[in-house]
Structures are given as structure tokens and as C-alpha cells.
Enquirer: 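Have a look at the structure that comes next, please.
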Protein chains: 2
Amino acid sequence: MDKPARASRVTIRTVAADAGVSVAAVSKVLRNAYGVSDSLKQKVMTSIDKLGYRPSTAARGMRGRTFTIGVLLVGMDNPFLPPLVSSFKQAMGKEGYNTLIGVGEARTHVESALIDSMIDMRIDGLLLIAPRISGATLDHYAGQVPISVIGHHENTAKTFDTTNVDDFSGGRAATEALIKKGYRDIAMLCLKHSKRRDGEVWYERERGYHAAMQEAGLENFSRIVRIAERPDEMQPQLLTLLEEPGRPEAFFCWSDIHGVPLINAARMKGLRIPGDLGLISYDNTAPAGLPLIGLASIDQNPTILGQCAADQLLSRLKGRAEASHAVIEPELIIRKSF
Amino acid sequence: MDKPARASRVTIRTVAADAGVSVAAVSKVLRNAYGVSDSLKQKVMTSIDKLGYRPSTAARGMRGRTFTIGVLLVGMDNPFLPPLVSSFKQAMGKEGYNTLIGVGEARTHVESALIDSMIDMRIDGLLLIAPRISGATLDHYAGQVPISVIGHHENTAKTFDTTNVDDFSGGRAATEALIKKGYRDIAMLCLKHSKRRDGEVWYERERGYHAAMQEAGLENFSRIVRIAERPDEMQPQLLTLLEEPGRPEAFFCWSDIHGVPLINAARMKGLRIPGDLGLISYDNTAPAGLPLIGLASIDQNPTILGQCAADQLLSRLKGRAEASHAVIEPELIIRKSF
DNA sequence: TTGAAAGCGCTAACAA
DNA sequence: TTGTTAGCGCTTTCAA
């Protein structure tokens, strides 16, 4: 008169009882473990279906895998992210992993708290996209869970994997394309940064820009203009920039985040693009591709990025120990903005 | 020689030992439970800080709260979502709740699987944004976890809460604004739907459109054009639409998802907007606000939506049992597209 | 006010 | 091949 009292939740025990086997047997079937007869498997499967049983991730997390992967985003605003996350999700889903997303608000301590919290719920792996936290901190987390990082060049890391676009090459290609068109006074538009440089994607792009300028003997024209990222701060800065007397003939923008508002502001001021101003940007997000915008941009191939990161995580989960660092070639999508 | 062997993980036991108290005492301090002396609390807090202890969410999930809330999105692509999720996150964060996001890929069974999986990890509450699953299914889930739904009008639901923009009013306001400008032959652009209608936001907007047309004696002009949502299918359909002989003088678009590509396509065809064509859309996302686009659009006030939903969930978690259905007024953002 | 102890639902030795 | 059982780290009665 005590056992059948709480018929409420279907647990592994309910299934075992229904199938007339032990809980261990059910657990084994669940995990596809070695050494289960087909008949046992059949019985258990039937009961599972009949009872609508689903293992508790929380309980699983206490002993084994949760079959859940966490993804940490800087923010949700960047239209570059959706296709990346989508391809990652799909690849992980094929192998039976769920994907849960946390948003770091571009603040270091929010990011860390989120990673902690994901580890606390015993996720099996972690994908970090453009994290703000440093390599040393990443090492710390990598000791607790397999990690793959996108958007932070750290190809000497030993404890975690990275997938990146060759941003040096991307920055150079964009700049070279502008030079080839005849522009000489080419500036780069980049974000205002607080401290770190090494490994940042924008820093690699800066290096690529400088390299191209130097190779063309244009180092005297080299300059980087730094613009805020918050829309309300960015707008007036862009306008000031366009009104300056010594305005450059062309801009290479580190991201569509700045590139799209810039081409907008410039056209609204009556500048012909190309003609009065040449523009190439980075990320090739949807707005850049809108016909009315028509902004040439470096494509990072987000689908491949997501796929690669998923492969890295999956092979880590299968036991790989040595680090893997994948690099993908970017591609300039030509549009009539330069 | 067995106890101190695994010094690896800091658990509640480690803390208890360090503070010289029982595990129960630590647990009580953790949960701010009733009946703990200040001195005990102090000791425990000191040890927690010293050891850098964090409770395991997985273990917590087996008995009590996980202090984690799940958010289910249809997809990540809609730029309408980021501000909404951000304000929700912030409101929940203030009360000590973590927010984890799942993406449903706009497919019913993916959505259900995701909800199941979130429930399996014992999240404390669930925010569903524009879910594809039906009210009956929602009732089922609402029995297991507090649920708040945004973007699905279901104001008679008893088991879960809803927060919505008054989409009928929004659809009517947009249509009325077009009528007031002198347009008479006004069509509505909506998405292709598979089956369900009731409760869908677009259906409410359709009703608002029809109401405004009828009130103005224009019901003979009323018609709804249905366009696919996938970019590659959408584009040719929009072009065909604009080339039709009997093309309407103006469109009310159910969403910027269609509105932004439409104003692009129209301008690229050489149509003056306004002049040859009037356009009002819905969601007021970033692209609509770009000067080069300049698309008038109904603002849903995503920040307030997120805040409201958070309040609902929080009060549910504090014990509220009867359903709450919040409605927010939309606002037409006027731009020179009509 | 504090602590001992019984689980929560699962996994993984180990035994049968 | 199958089952028994000892935990995983926490919460929560119930006693002290």
C-alpha cells in the first residue's frame, strides 16, 4: 500500500516493472550499452513507448551524459549568428545531442556565470562563439567540459578546439580588392575595444588590412577609425566621419554591424557609392545583401563554421584528447559598393 | 585513506566539512530557508566563498528548483526577437533565474522535443515565443511546469499565461492609416499557413485589416495575398505580385519578414514609394528603420512584452494559480513609405 | 537552531 | 546476458 501510491511520474523503475526486467537492463537499453539481447531490448522498448517514458536529464547529469550541448553567444543581435547556430544544432542533433543556448550580453562576468551554470547542469560540451573571456580562463573551463571556440584565434591552445575563418586573409582580400579598383586612400573601420587584442577576429582583420596596404606601398594611407558599437553612439560618429575634410576614398569595415549603417548614412548624405566612396564590409549578413543596400562583404561561411565546430565537439566526446584548430577560407561577395 | 582521495569537486559536503556544520545546514543557507542563525550563515558563506562552491543544478533538479528558465524560440532569424529575449532575461536575472534558450526550427515536433528536454532537465518555468504547438498540447505541458506564451492569442487558456500585442488593433491601425492617406485598393500580405488559424498573430492582424476595410466601405477591395516565408521562394513571388496588372495601390504586410524584401523589390523595379505604392509593415525591426529602407511598421514593444512575460512567470513561481492574460497596445511608427 | 538520514532517477561496477 | 547495489549532490522531513 505504499509502492503503487505515486503513479504520477514514469521513471526507469516504472519501465523496469512494466517490462518485467531490472532497472539496469532498462538503463543499458537506453544507453545502447554492450550486452543486451534483442528480446530484452524489444520488451523494454515496448514499455518505454507504451508508458511514454523519457529519462530525466537532471538525474542523468548526476552520473553520466546529459546529451545536451550548450552554446554561448555574445548577443542575439548579430544576424551572422543564426545560420551558424542552425547548422551546429543540426549536426549535433543528428548524433542525438540537444542544443541549448545562453546569451552572454557581451559582458565577461555574465559569460562566465553562464558557462558555470551550464557546467552545473552537466552539459556534455560547450560551443563558445566570440567569447569575451580570455584563453587562460578557457583553459580552466576546458578542464571541466569539452570546448570548441568560434571567433577567437587561439590556435596554440592545448585544452580546447577552435574553428575560425582566416581573418587575416579576409582583411587582406577585402583591402586588395579595393586597391585593385584604384582606391589608394583606404581606411579601416573597426570597433572600439577595451583591452584585449590577441586572438580577436577584428585584430586579425586589422593585420590583414595593414599587410595589404603595405604590400601595395600604401602604408602612409593606413589608418584605423574606431567606432562605438551601440547604435545610438555609432550613428553620430559615422556622420562625423563622413563629413570630415580628409575623408578617405574607401573603407574596409570589420563587420556589417558598422558597414550597413555606414553605407546607409553615406547614401543618405547624397554620396554615390561607388564613385564618391568605396565600401567593403565583413560577415555578409542579410541586410548587406538587400538590393537597396548592396554592400560587398566578406562571407565567413557560417554553415561550415557551425559544422566544423560540431565535428570537433563530437570527436572530443568520442575521446579525442589533442587539440584541433580548424581554419576556413573566407570569400569576398562582390556587390556594387566599390 | 578513502575519504580525502577525491579532492576534485567541491560539493555541499566539502563546504559542510570546511565550515564544521552539517550538509543540511549548508543547504538551508543556500536556499535562504527559515531558521538559520546569523553565525551559522556567516560560517557557511565564508566557506562557500573560500572554496568557490557552486551547487550542482543537476542535483538540485532532482529534488527542488534549478533556478533556470527555458525560452523556446521559433527560430533565431527574426530580428524582432533579440530585444524581447534580452528584456526577459534581464527581468528573470534580477530574481536570480538563469535563462536558457532553445530553437524550435518552426517545426512542431522539434518544438515538443525541446520542451520535453527542458522539462527533463527540470527547468522551473518556460517562455514560449510564437510556438507552433496547439493550445491543447500547451495545457499538457502546463501541468508539468509554469508556462507563459508570447505571440499566440489564447486568452481563455486556464492553465498557462499569455502576453500579446493587440494584433487586431495593430492590423486595423495600419490599414486605417493607409486609408486615411487616400489609398483605397489596399491588399494585405500574409504568410502561407498550413492549418491552424485561431490564436495566430497573423490571423488577428488579418481580422484587423478586414475590419478597417469594412468600416471604410472598402470590403470589395479586401484581399489577402499569401507569400512563402523561405527567402528563395519569397523573392519570385514578390516580383510576380508587383508585376501583376491589377496590382493594389498599397499593401499592409503582416511582418517585416515580407515587408522589407517587398519594399526592396519594389524600389528596385523603379516604383516610387510612396507615390506608386504605399506600404506599412509589422514588427518595426532594425532593417525597416534603416534610412535607405524607411518602411513604416507597427511596433510591438518587445521590451515590454519580455518584461510582462517575466512578471507572469515570476508570480506563477511564487504560487499564483489562476491564469493571467496580458495585452499590450501596438504603435504605428510612421516613415515615408505610405 | 541544528543535524541525521532518506530519498530524487539515473549509471556503472560487480556479481550471478 | 541479466540483476543487485552503491552512489552522484542535493533537499527535506523529522529528531535532537
Side-chain angles (χ1 to χ4, degrees), chain A residues 2-3 5-44 47-48 51-68 116-117 119-124 144, chain B residues 2-3 5-44 47-48 51 53-68 116-117 119-122 124 144:
Chain A
D2 40 12
K3 277 289 155 61
R6 43 165 167 68
S8 49
R9 175 169 286 155
V10 178
T11 77
I12 197 172
R13 236 174 289 272
T14 325
V15 176
D18 184 88
V21 301
S22 73
V23 284
V26 179
S27 176
K28 275 175 189 149
V29 171
L30 245 35
R31 292 172 291 121
N32 252 312
Y34 180 79
V36 246
S37 69
D38 277 355
S39 72
L40 198 163
K41 190 166 178 174
Q42 267 317 316
K43 276 192 292 187
V44 171
S47 292
I48 287 178
L51 300 168
Y53 166 74
R54 292 189 328 264
S56 151
T57 311
R60 281 188 146 175
M62 294 198 65
R63 304 306 259 90
R65 316 240 69 94
T66 54
F67 292 99
T68 303
D116 281 338
S117 135
I119 290 177
D120 292 344
M121 54 192 351
R122 302 287 183 270
I123 49 157
D124 294 339
Q144 307 177 49
Chain B
D2 41 13
K3 277 289 154 62
R6 45 164 168 67
S8 49
R9 174 168 286 153
V10 178
T11 77
I12 198 171
R13 236 174 290 272
T14 325
V15 176
D18 184 89
V21 301
S22 71
V23 282
V26 179
S27 174
K28 274 174 188 149
V29 171
L30 246 34
R31 291 171 293 119
N32 251 311
Y34 179 78
V36 250
S37 69
D38 277 355
S39 70
L40 199 164
K41 189 166 179 172
Q42 269 314 318
K43 278 192 290 188
V44 171
S47 293
I48 287 178
L51 300 168
Y53 167 73
R54 293 189 327 265
S56 151
T57 310
R60 277 189 149 175
M62 294 196 65
R63 307 303 259 88
R65 314 240 68 94
T66 54
F67 291 99
T68 303
D116 281 337
S117 136
I119 290 176
D120 291 344
M121 54 193 348
R122 301 288 181 270
D124 295 339
Q144 308 177 48

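Atom set for the values below is all heavy atoms of this structure, side chains included, hydrogens, waters and symmetry mates excluded. Per chain, numbering begins at 1; letters A, B, ... match sequence-line order.
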Enquirer: Over how many whole Å does the gap from B/Asp124 atom CG to D/dC10 atom C1' extend?
Expert: 14 Å
Enquirer: Between the base of D/dG9 and the side chain of B/Arg60, is there a donor and acceptor pair under 3.5 angstrom?
Expert: no
Enquirer: In whole Å, what is the span from the CG atom of B/Leu30 to the P atom of D/dT12?
Expert: 11 Å
Enquirer: Categorize A/Arg65 for me: base, sugar-phosphate, or nothing, with a 4.0 angstrom heavy-atom threshold over every strand shown.
Expert: nothing
Enquirer: Which whole-number value in Å describes the distance from A/Ile12 CD1 to D/dT5 P?
Expert: 16 Å
Enquirer: Please give, in whole Å, the distance from C/dT1 P to B/Asn32 CG?
Expert: 14 Å
Enquirer: Among B/Val21, B/Val29, B/Val26, which one satisfies side-chain contact (heavy atoms from CB on, under 4.5 Å) with B/Val36?
Expert: B/Val29
Enquirer: Provide the closest heavy-atom pair for A/Tyr53 versus A/Thr11 in the form atom of the first, atom of the second, distance.
Expert: CE1-C, 3.5 Å
Enquirer: Roughly, in whole Å, what's the span from CZ in B/Arg122 to C1' in C/dC10?
Expert: 11 Å
Enquirer: B/Arg31 side chain N/O closer than 4.0 Å to the phosphate oxygens (OP1, OP2) of D/dT12?
Expert: yes
Enquirer: Checking salt bridge (Lys or Arg N to Asp or Glu O under 4.0 Å) between A/Asp120 and each of B/Arg60, B/Arg54, B/Arg9, which is the one that passes?
Expert: B/Arg54
Enquirer: Hey, could you give me the NZ/CG distance between A/Lys41 and A/Leu30, rounded to the nearest 0.5 Å?
Expert: 11.0 Å
Enquirer: When you get a sec, tell me which of D/dC10, D/dT12, C/dG9 is the closest nucleotide to the side chain of B/Ser27?
Expert: D/dT12
Enquirer: How long is the gap from OG on B/Ser37 to NZ on B/Lys28, to the nearest 0.5 Å?
Expert: 11.0 Å
Enquirer: Give a yes/no answer on whether the side chain of A/Arg13 brings an N or O atom under 4.0 Å of OP1 or OP2 in C/dG9.
Expert: no
Enquirer: Could you check whether any side-chain heavy atom of A/Asp116 comes within less than 4.5 Å of a side-chain heavy atom of A/Gln144, counting everything from C-beta outward?
Expert: no
Enquirer: Would you mind reading off the distance between A/Leu51 atom CG and C/dG9 atom C1', rounded to a whole angstrom?
Expert: 15 Å
Enquirer: Looking only at heavy atoms, what is the nearest atom pair of A/Thr66 and A/Arg122, with distance?
Expert: OG1-O, 2.7 Å
Enquirer: At a cut-off of 3.5 Å, list every protein nitrogen or oxygen paired with a nitrogen or oxygen from nucleotides 2-4 of chain D, distance to 0.1 Å.
Expert:
| unit_1 | atom_1 | unit_2 | atom_2 | d |
| --- | --- | --- | --- | --- |
| D/dT2 | OP1 | A/Ser37 | OG | 2.8 |
| D/dT2 | OP2 | A/Ser37 | N | 2.8 |
| D/dT2 | OP2 | A/Ser37 | OG | 2.7 |
| D/dG3 | OP2 | A/Ser22 | N | 3.0 |
| D/dG3 | OP2 | A/Ser22 | OG | 3.3 |
| D/dG3 | O6 | A/Lys28 | NZ | 3.0 |

Enquirer: What is the distance, to the nearest angstrom, from the CZ atom on B/Arg63 to the P atom on C/dC10?
Expert: 14 Å
Enquirer: Heavy atoms from C-beta onward define the side chain here; which of C/dC10, D/dC10, C/dG9 lies closest to that of B/Met62?
Expert: C/dG9
Enquirer: Please state how far atom CG in A/Asp120 lies from atom P in D/dC8, giving the value in whole angstrom units.
Expert: 17 Å
